[in-house]
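From a predicted model like this one, the values you see are computed outputs, not experimental measurements.
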There are 2 protein chains.
Amino acid sequence: MAIPKKTNSCKACTNKSSCFRKLTEEQLELIDKNRLEVSYKKGETILKQGSFASSILYLKKGLLKLYIEGKNDKNLIISIIPEGNLIGLPSLYGDPIYHYSAMAYEDSTICLIDIDMFRQLSQDNAQFSSEVIKILNELTIHSFDRFFAISQKNIPGRFADLMICLSKSIFKSEKFNLPLSRKELAELTSMSIESLSRVIKDFNDEKLIRIEGKEFEILDLKKLQQISENG
Amino acid sequence: MAIPKKTNSCKACTNKSSCFRKLTEEQLELIDKNRLEVSYKKGETILKQGSFASSILYLKKGLLKLYIEGKNDKNLIISIIPEGNLIGLPSLYGDPIYHYSAMAYEDSTICLIDIDMFRQLSQDNAQFSSEVIKILNELTIHSFDRFFAISQKNIPGRFADLMICLSKSIFKSEKFNLPLSRKELAELTSMSIESLSRVIKDFNDEKLIRIEGKEFEILDLKKLQQISENG
DNA sequence: CAAAAAACACGATTTAAATCAAGTTTTATT
DNA sequence: AATAAAACTTGATTTAAATCGTGTTTTTTG
């Protein structure tokens, strides 16, 4: 974890989370004054499941995974989070501990916002509060989708699902650079590394995708969607 | 669906959801005046995934399942809901459709609360709003747990998990009557009916549980927890 | 209450995917 | 740049769990 430092201001932050747009200028300034900005290197742990939830985190720059830690290295990735998103909201009210861990997939910049201040803002500003609910609900719905795919679909279906999700929801492009190892991709789709390797080869051979190292490109979205549906 | 009728008042409702306790008397009366009370028979569909979210539902009496509908009868049960709980909150802000279906496991009574009124109350009453967030977060955390169990644990582990969850979270007793068919229990644990049948037999033989028809009793919680951990 | 249908149990067989094994490529380290 | 280590690929084998087949019990219905 690097030494805290601040750059820019919340007001000037171009990709801020939708809920912050609901704040008054004074409220945004309050956050700005009290936030801490921290840099993490690729692979560093940002949040540890089970620790006290003292902050809501804002991912200013980078890419990370949220995951549940189980026994014997059995991890379950809840979600991939691109920049502009909040982390830790499920700990805002209720049990004041973090329910998942977070790890940086690439070098990332995080703003730490004191959770009590965040709570106070949700009490003072109903618009902000309902936007927070909206964000929470989007995470819930997204995790239901993942839940469904992982528990009901076969290997090609799950991988097609992942490709579509990355392209549409995360990178918003049919071509993207994904800084994940095969091990991490396997974890993401709940399959073994070998099965992942095979499905990549198959999809490459059938020209559904083009994967070279960390370079991904969707070639046949229609067919991928079909595989996702039937799988 | 039966003809709407009302019994008692919200004020007198003994097992009301925690968020309603945060309302003023006037606000609670407002709900009371505008709510509809509907009865459902066992097996009836209460909510249909994909339909317009016009109400937040309150389960006054009964037991139901929330589930995601997939293709080819591939359903995924999100959660079992005992009385006193709200249904449809993930549709409060954001996409105004229901993201899951709900079916009555036993004869149930539901209060329908207009979603716009519910939204208005969350705008007017910050305490209410934060309690709603708390409830949403509990659902999220609970579904993460289920997510993890189903995607990472083997059959005995998943079934032990279910038994512990039913006993501790739903029925709050080591003895309970569960009005579910084997098919529904199988759906709940993402396994085939035959596998479920076998694990029930095994657990019965090993005296971990006593299951006779719909009568369930936990006999050896310690061992169940061990199986859940290792599975 | 009898007949039909549905739910359930359980052994045999199949199958999807994990594990194992061995080689190759890429990345990191001295 | 040479060596070691890690990451990745690919085929062979194993295995957990699904499916299939059949008999039994329970529930529903005319």
When you measure from the side chain of [X], which nucleotide among [options] comes out closest?
X        : options                : answer
B:Met191 : D:dT10, D:dA18, C:dC10 : D:dA18
B:Pro156 : C:dA9, C:dA17, D:dA17  : D:dA17
B:Asn154 : C:dA9, C:dA18, D:dA17  : D:dA17

Check: Is any NZ, NE, NH1 or NH2 atom of the basic residue among A:Lys223 and A:Glu206 found under 4.0 Å from an Asp or Glu carboxylate oxygen of the other?
Finding: no
Check: Would you call B:Lys201 and B:Asp205 a salt bridge, taking side-chain N to carboxylate O under 4.0 Å as the test?
Finding: yes
Taking atom [atom2] of [N] as reference, at what distance in whole Å does atom [atom1] of [X] sit?
X        : N      : atom1 : atom2 : answer
B:Lys42  : C:dA6  : NZ    : C1'   : 13 Å
A:Phe203 : D:dT9  : CZ    : P     : 15 Å
B:Leu196 : D:dA18 : CG    : C1'   : 14 Å
A:Glu184 : D:dA6  : CD    : P     : 16 Å
B:Lys183 : C:dA5  : NZ    : C1'   : 16 Å
A:Ile193 : C:dA22 : CD1   : C1'   : 16 Å
A:Asp202 : C:dA16 : CG    : C1'   : 14 Å
A:Arg182 : C:dT25 : CZ    : P     : 15 Å

Side-chain heavy atoms of [X] within contact of [Y], under 4.5 Å:
X        : Y        : result
B:Lys168 : B:Ile218 : no
B:Leu63  : B:Phe171 : yes
A:Pro90  : A:Leu139 : yes

Notebook entry, point to check: salt bridge (Lys or Arg N to Asp or Glu O under 4.0 Å) with A:Glu187: which of A:Arg182, A:Lys74, A:Lys65, A:Arg158?
Noted result: A:Lys65
Check: Does B:Arg198 or B:Ser181 map to a spot on DNA chain C nearer the 5' end, using the closest nucleotide for each?
Finding: B:Ser181
Item checked: Contact state string [nucleotides 23-30 of chain D, B base, S sugar-phosphate only, - no protein heavy atom under 4.0 Å] -> --------
Next item on the list: Can you see which heavy atom on B:Thr45 is nearest to which on B:Tyr40, and at what distance?
Entry: O-CE2, 3.7 Å
Check: If every non-hydrogen atom of A:Ser39 is compared with every non-hydrogen atom of A:Thr109, which pair is closest and at what distance?
Finding: OG-OG1, 4.3 Å
Notebook entry, point to check: With under 30° as parallel and over 60° as perpendicular, where do the rings of B:Phe147 and A:Phe147 fit, or are they tilted in between?
Noted result: parallel
Check: Parallel, tilted or perpendicular: which fits the ring planes of A:Phe176 and A:Phe216, with parallel below 30° and perpendicular above 60°?
Finding: parallel
Notebook entry, point to check: Are B:Ser192 and D:dA17 close enough that a side-chain N or O sits under 4.0 Å from OP1 or OP2?
Noted result: no
Notebook entry, point to check: Between A:Ser195 and C:dA18, is there a side-chain N or O to OP1/OP2 distance below 4.0 Å?
Noted result: yes
Checklist line | Under-3.5 Å donor-acceptor pair between B:Glu194 side chain and D:dC20 base | finding: yes
Next item on the list: Compute the angle between the rotation axes at the two ends of the helix from C:dC1-D:dG30 to C:dT30-D:dA1, each taken over five pairs, rounded to 10 degrees.
Entry: 50°
